[in-house]
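Below, chains carry the letters A, B, ... as their sequence lines are ordered, and counting in each starts from 1. Small disclaimer: the values here were computed from a predicted structure and weren't measured.
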Amino acid sequence: MQLRTSSFKSRVLGVVAEIPKGETRTYKQVAALAGSPNAYRAVGNIMSKNNNPKVPCHRVVKSDGTAGGYSGRGGRAGKVNILKKEGAI
DNA sequence: CCCCTGACACTTA
DNA sequence: ATAAGTGCCAGGG
């Protein structure tokens with residue numbers, strides 16, 4: 001990871017951190033916003049390995065709109081629960 | 001540099 | 001609608 005806010009990782013975290021409350025973005029969207037529309041795989045990989053508290057990873061869902069995975073409280077279920085509370089669902 | 005892993009997306013059956 | 005297979009990318013050892 002670079003000191004100057006670089007690397008797909010930092011970029012993705014930044015993008016996800018900018019997701020408005022009550023909204024959800026697909027991994028593909030995040031990857032695209034991060035600069036690599038085909039790196040949705042890497043996005044999930046980064047999130048699972050680097051769970052940054054400043055990054056609302058729970059707002060990132062699959063292209064179908066399903067929650068997908070989550071390494072936080074309650075796992076996928078908790079993720080959906082949070083989205084429901086925020087009004088995303 | 002090579003190998004493995006992974007919270008996905010898309011197509012076809 | 002569900003299942004299975006394939007392709008993609010980046011991070012970490």
Quiz item: The side chain of A/Ile46 lies closest to which of these nucleotides: B/dA7, C/dG11, B/dA9?
Solution: C/dG11
Quiz item: Donor-acceptor pair, A/Ser7 side chain versus A/Ser10 backbone, under 3.5 Å?
Solution: no
Quiz item: What is the distance, rounded to the nearest whole Å, between atom CZ of A/Arg11 and atom P of C/dA10?
Solution: 10 Å
Exercise. Figure out the NZ/P separation between A/Lys62 and B/dA7, and round it to whole Å.
Key: 10 Å
Quiz item: So what does A/Ala39 hit on the nucleic acid, given a heavy-atom distance under 4.0 Å: a base, only sugar-phosphate, or nothing?
Solution: sugar-phosphate
Quiz item: Can you find a side chain N or O atom of A/Ser36 that sits less than 4.0 Å from OP1 or OP2 on C/dC8?
Solution: no
Quiz item: If you take atom types as modelled and just measure distance, does the side chain of A/Tyr27 reach the base of B/dA9 with a donor-acceptor pair under 3.5 Å?
Solution: no
Quiz item: So which nucleotide from B/dG6, C/dC8, B/dA7 ends up closest to the side chain of A/Ala42?
Solution: B/dG6
Quiz item: In whole Å, what is the span from the CG atom of A/Leu13 to the C1' atom of C/dG11?
Solution: 12 Å
Quiz item: Over how many whole Å does the gap from A/Asn50 atom CG to C/dC9 atom P extend?
Solution: 21 Å
Quiz item: Base, sugar-phosphate, or nothing: which does A/Phe8 touch, judged by heavy atoms less than 4.0 Å apart?
Solution: sugar-phosphate
Quiz item: Think A/Lys28 has a side-chain N or O under 4.0 angstrom from the OP1 or OP2 of B/dC10?
Solution: yes
Self-check item: Listed nucleotide nearest any side-chain atom of A/Cys57, set C/dG11, B/dA9, B/dA7
Solution: B/dA7
Quiz prompt | Among B/dT5, C/dC8, B/dA7, the one nearest A/Ser48 by side-chain distance | solution = B/dA7
Quiz item: Which nucleotide sits closest to the side chain of A/Asn38: C/dC9, B/dA7, C/dG7?
Solution: C/dC9
Practice problem: Take A/Lys49 and A/Val43, find for each the nucleotide of DNA chain C with the closest heavy atom, and name the residue whose nucleotide sits nearer the 5' end. | Solution: A/Val43
Quiz item: From B/dA7, B/dG6, C/dG11, pick the nucleotide closest to the side chain of A/Asn45?
Solution: B/dG6
Exercise. Mark yes or no for whether A/Lys79, through its side chain, and A/Val60, through its backbone, hold a donor-acceptor pair below 3.5 Å.
Key: yes
Self-check item: Spacing of A/Asn50 atom CG and A/Ser71 atom OG [to the nearest 0.5 Å]
Solution: 11.0 Å
Quiz prompt | Contact summary for A/Cys57 and A/Asn52, nearest pair of heavy atoms | solution = SG-O, 4.5 Å
Quiz prompt | Residue from A/Asn45, A/Val55, A/Leu33, A/Val30 passing side chain to side chain contact (heavy atoms under 4.5 Å, CB included) with A/Val12 | solution = A/Val30
